Amino acid sequence: MERRGVAAVVLASSAFYPKALHDCRTLGLPDARIAEFTHPLGGLSDGQLVERAAKLYDNVLRQLKKVPPQRPVEMHSASADRLLAPADPAELQLWFFERHLSDGFPVIAPTAAAVADMVKGSRRSSGDLVGIVPPRLGVATVEQIAINAVMAGCRPQHMPVLITAVEAMLEPRFNLASLQATTHPVAPLLIVHGPISKELGMNAGAGAFGPGSMANAVMGRAIRLVLWNIGGGLPGSADRSTQGSPSKYSYCIAENIDASPWGSFITDRGLPQGSNAVTVFGCEPPHNVNDHEHGDAEGILHVAADVLRALGNNTWFIAWHGQKELMVVLGPEHAASIGNSGWSRPQVREYLFSAVARRRDELASGGMYHMRDWPPALNMLPADALVPMVPSADDILVLVAGGAGKHSAVLPSFGATVSVSREIPGV
Amino acid sequence: MTTIEVLDPAGQIHKVAALQCNPVAMPLQGCRLGILDNSKPNFKRLATLVAERFRDNGSAVDIAYYRKENPAVGAGDELLDRIARSADLVFTGSAD
């Protein structure tokens, strides 16, 4: 509003005050009027709101009386490119941690030589701009991504995947600024498709979402460090996630194309079978689908739908301009059973689309019902009308990963985000 | 202490043209107030209670209410332009 010539006051709860201040500074308004009130806002009685409003009124008045400094505002001082850190390995870890430059796990020192090697792996120039990472609006050059890749323990050959993933996350429909800031525990899941996943030694099989593969672990962590350092997504500051999530450390898998009855997921995105590509999807950690009972498509997918349709999933209630998605990652044995039932991937999507729907009055019993972002026509539906979770069956993403066993996973999304797939160039 | 040279993992920040806050003539008189709801529960009620105090003491003559599409998506240009055409002072929120 200030950019449009209209004075504005941000009413910020005490827990969100630091974020408001950070956002205003980042957007070029370091002296923004921010009137604070006691957190929380949600769940208060009307009497409590009246009490909050009385005090808040005084704070708003104070902000309005504040005289903005008449000075050229100097902000966004550039950070030094080179820093002196302790050579002792243990002290080095503490040094990074105390400066909020690491996620808490040990890091590899990003020396100029190590970073130069990492840049070479990208086959691009160190100064090439990949994008601007919110909310800090950090400048993600190839070199800057390489620094974080070194810290995460990556190898130079990981760089094409990382750069493509960062580019994908910066597409507007991915809504990275909100993913970084929300109270929801979302993290970008990085999925690698194609022969490159094997070349890099990625794990698409047993325990794909878990530990044990260096490539999965370090590439996922590098993405987190990019979001942390370049993007400024620090918990309790710009990242307001209520509980966080283990997936915010590292969240990266390879698609198990060999176990897929339908070929690679990437063909759904218009890329040819065998393409090297990445998909980024803003979602919760995997929710397990345990079904040892069924050997048929409908039985397995009935159980998957039951896990997906939980009332507490964001995906019910918010969307990116009307678009939202779900992901189902089938374990190979479930996928084989479904394939052997003669079901195609579109049939899987169609079945889930119907099976996930819930009655409107059930949705009204919790979640974010009153903040819902669905077409107004749905609000006119009778109480027992079924409301779909996503706009169409095509918004249910289906792929295969994992090893032996009767388990699959469903991944509800943040809601206001759309996945992005991109071919990895030059590999 | 022996040191080594490392490269800064945070790096540069994209420079955004710095702004000054738009001035507000105090005491307020006959102001058109706008509320831009962040779509979080209770924000509308809280902001309206504050705005009504301004209206009741004559500082504001009008209170207009606007709502973001959803809490996880920023207000679009069209909405912001509309508010800018009809309000002199806007309350918005950062809270949950």
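Order of the sequence lines fixes the chain letters, A, B, ..., with proteins taken first and strands second; residue numbering starts at 1 for each chain. Fair warning: this is a prediction, and the values are worked out from it, not measured in the lab.
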Trainee: Relative to chain B, which of A:Thr141, A:Leu64, A:Leu56 shows the most heavy atom pairs under 4.5 Å?
Mentor: A:Leu64
Trainee: Distance only, no hydrogens: is a donor on one side chain within 3.5 Å (strictly under) of an acceptor on the other, for A:Ser45 and A:Gln48?
Mentor: yes
Trainee: Is the shortest heavy-atom distance from the side chain of A:Thr26 to the side chain of B:Ile13 under 4.5 Å?
Mentor: no
Trainee: Hey, are the side chains of B:Thr48 and B:Ile35 touching, using non-hydrogen atoms and a 4.5 Å cut-off?
Mentor: yes
Trainee: Under the salt bridge (Lys or Arg N to Asp or Glu O under 4.0 Å) rule, collect the residues that match up with B:Asp37, sequence neighbours excluded.
Mentor: none
Trainee: Got a sec: does the CZ of A:Phe97 have more than 12 other heavy atoms crowding it under 6.0 Å?
Mentor: no
Trainee: Using heavy-atom distances under 4.5 Å, tell me whether A:Ile132 contacts chain B through its side chain, its backbone, both, or neither.
Mentor: side chain
Trainee: Calculate, to the nearest 0.5 Å, the distance between atoms OH and CG belonging to A:Tyr57 and B:Leu49 respectively.
Mentor: 13.0 Å
Trainee: Quick check on the interface: out of B:Ser94, B:Ala87, B:Gly34, who has the most heavy-atom pairs with chain A under 4.5 Å?
Mentor: B:Ser94
Trainee: Quick one: what part of A:Ala85 sits under 4.5 Å from any heavy atom of chain B, side chain, backbone, both or neither?
Mentor: both
Trainee: Name the member of B:Thr2, B:Asp88, B:Leu46 that forms the most heavy-atom pairs with chain A at distances under 4.5 Å.
Mentor: B:Leu46
Trainee: Out of A:Ala181, A:Gly42, A:Pro40, which one racks up the most heavy-atom pairs below 4.5 Å with chain B?
Mentor: A:Gly42
Trainee: Taking side chain as everything from C-beta outward and backbone as N, CA, C, O, which of these in B:Arg45 sits under 4.5 Å from a heavy atom of chain A? Side chain, backbone, both or neither.
Mentor: side chain
Trainee: Return yes if some donor-acceptor pair links the side-chain N/O of B:Lys68 with the main-chain N/O of B:Val73 below 3.5 Å, else return no.
Mentor: yes
Trainee: Let me know if B:Ala47 has heavy atoms under 4.5 Å from chain A in its side chain, its backbone, both or neither.
Mentor: both
Trainee: Does some side-chain heavy atom of B:Ile4 sit less than 4.5 Å from a side-chain heavy atom of A:Leu92?
Mentor: yes
Trainee: Looking at A:Ala20, A:Gly232, A:Pro86, A:Ala35, which makes the most heavy-atom pairs under 4.5 Å with chain B?
Mentor: A:Pro86
Trainee: Check each atom of A:Thr183 against the heavy atoms of chain B and say whether the ones under 4.5 Å are side chain, backbone, both or neither.
Mentor: side chain
Trainee: Report which part of B:Ser39 has an atom under 4.5 Å of a heavy atom belonging to chain A: side chain, backbone, both, or neither.
Mentor: backbone
Trainee: So what's closer than 4.5 Å to chain B heavy atoms on A:Arg3: side chain, backbone, both or neither?
Mentor: both
Trainee: Checking heavy atoms, do the side chain of A:Val115, its backbone, both or neither come under 4.5 Å from chain B?
Mentor: side chain
Trainee: Indicate every side-chain donor-acceptor pair of residues 77-84 of chain B with a distance under 3.5 Å to a residue at least two apart or in another chain.
Mentor:
{"from": "B:Asp77", "atom 1": "OD1", "to": "A:Arg4", "atom 2": "NH2", "distance (Å)": "3.0"}
{"from": "B:Asp81", "atom 1": "OD1", "to": "A:Arg4", "atom 2": "NE", "distance (Å)": "2.6"}
{"from": "B:Asp81", "atom 1": "OD1", "to": "A:Arg4", "atom 2": "NH2", "distance (Å)": "3.3"}

Trainee: Let me know if A:Trp95 has heavy atoms under 4.5 Å from chain B in its side chain, its backbone, both or neither.
Mentor: side chain
Trainee: What part of A:Ala140 gets closer than 4.5 Å to chain B, counting heavy atoms only: side chain, backbone, both or neither?
Mentor: neither
Trainee: Is it the side chain or the backbone of A:Glu91 that comes within 4.5 Å of chain B heavy atoms, both, or neither?
Mentor: neither
Trainee: Does either side chain, that of A:His39 or that of A:Ser14, offer a donor lying less than 3.5 Å from an acceptor on the other one?
Mentor: no
Trainee: Let me know if A:Leu11 has heavy atoms under 4.5 Å from chain B in its side chain, its backbone, both or neither.
Mentor: both
Trainee: Between A:Asn229, A:Thr182, A:Ile145, which has the largest tally of heavy atom pairs under 4.5 Å with chain B?
Mentor: A:Asn229
Trainee: Where does A:Val107 contact chain B at under 4.5 Å (heavy atoms): side chain, backbone, both or neither?
Mentor: neither
Trainee: Please report the closest heavy-atom contact between A:Ile34 and A:Cys24, naming both atoms and the distance.
Mentor: CD1-SG, 4.2 Å
Trainee: As an exercise: rank A:Ser102, A:Gly43, A:Ala54, A:Ala114 by heavy-atom pairs under 4.5 Å with chain B and give me the winner.
Mentor: A:Ala54
Trainee: If you compare all heavy atoms of B:Leu33 against all heavy atoms of B:Ala60, which two are closest, and at what distance to 0.1 Å?
Mentor: CD1-CB, 3.8 Å
Trainee: Using a strict cut-off of less than 4.0 Å between a Lys/Arg side-chain nitrogen and an Asp/Glu carboxylate oxygen, indicate whether B:Asp96 and B:Lys40 qualify as a salt bridge.
Mentor: yes
Trainee: Please classify the contact between A:Phe96 and chain B as side chain, backbone, both or neither, with a heavy-atom cut-off of under 4.5 Å.
Mentor: side chain
Trainee: Looking at A:Pro110, A:Ala146, A:Ala15, which one has more heavy-atom pairs under 4.5 Å with chain B than the rest?
Mentor: A:Pro110
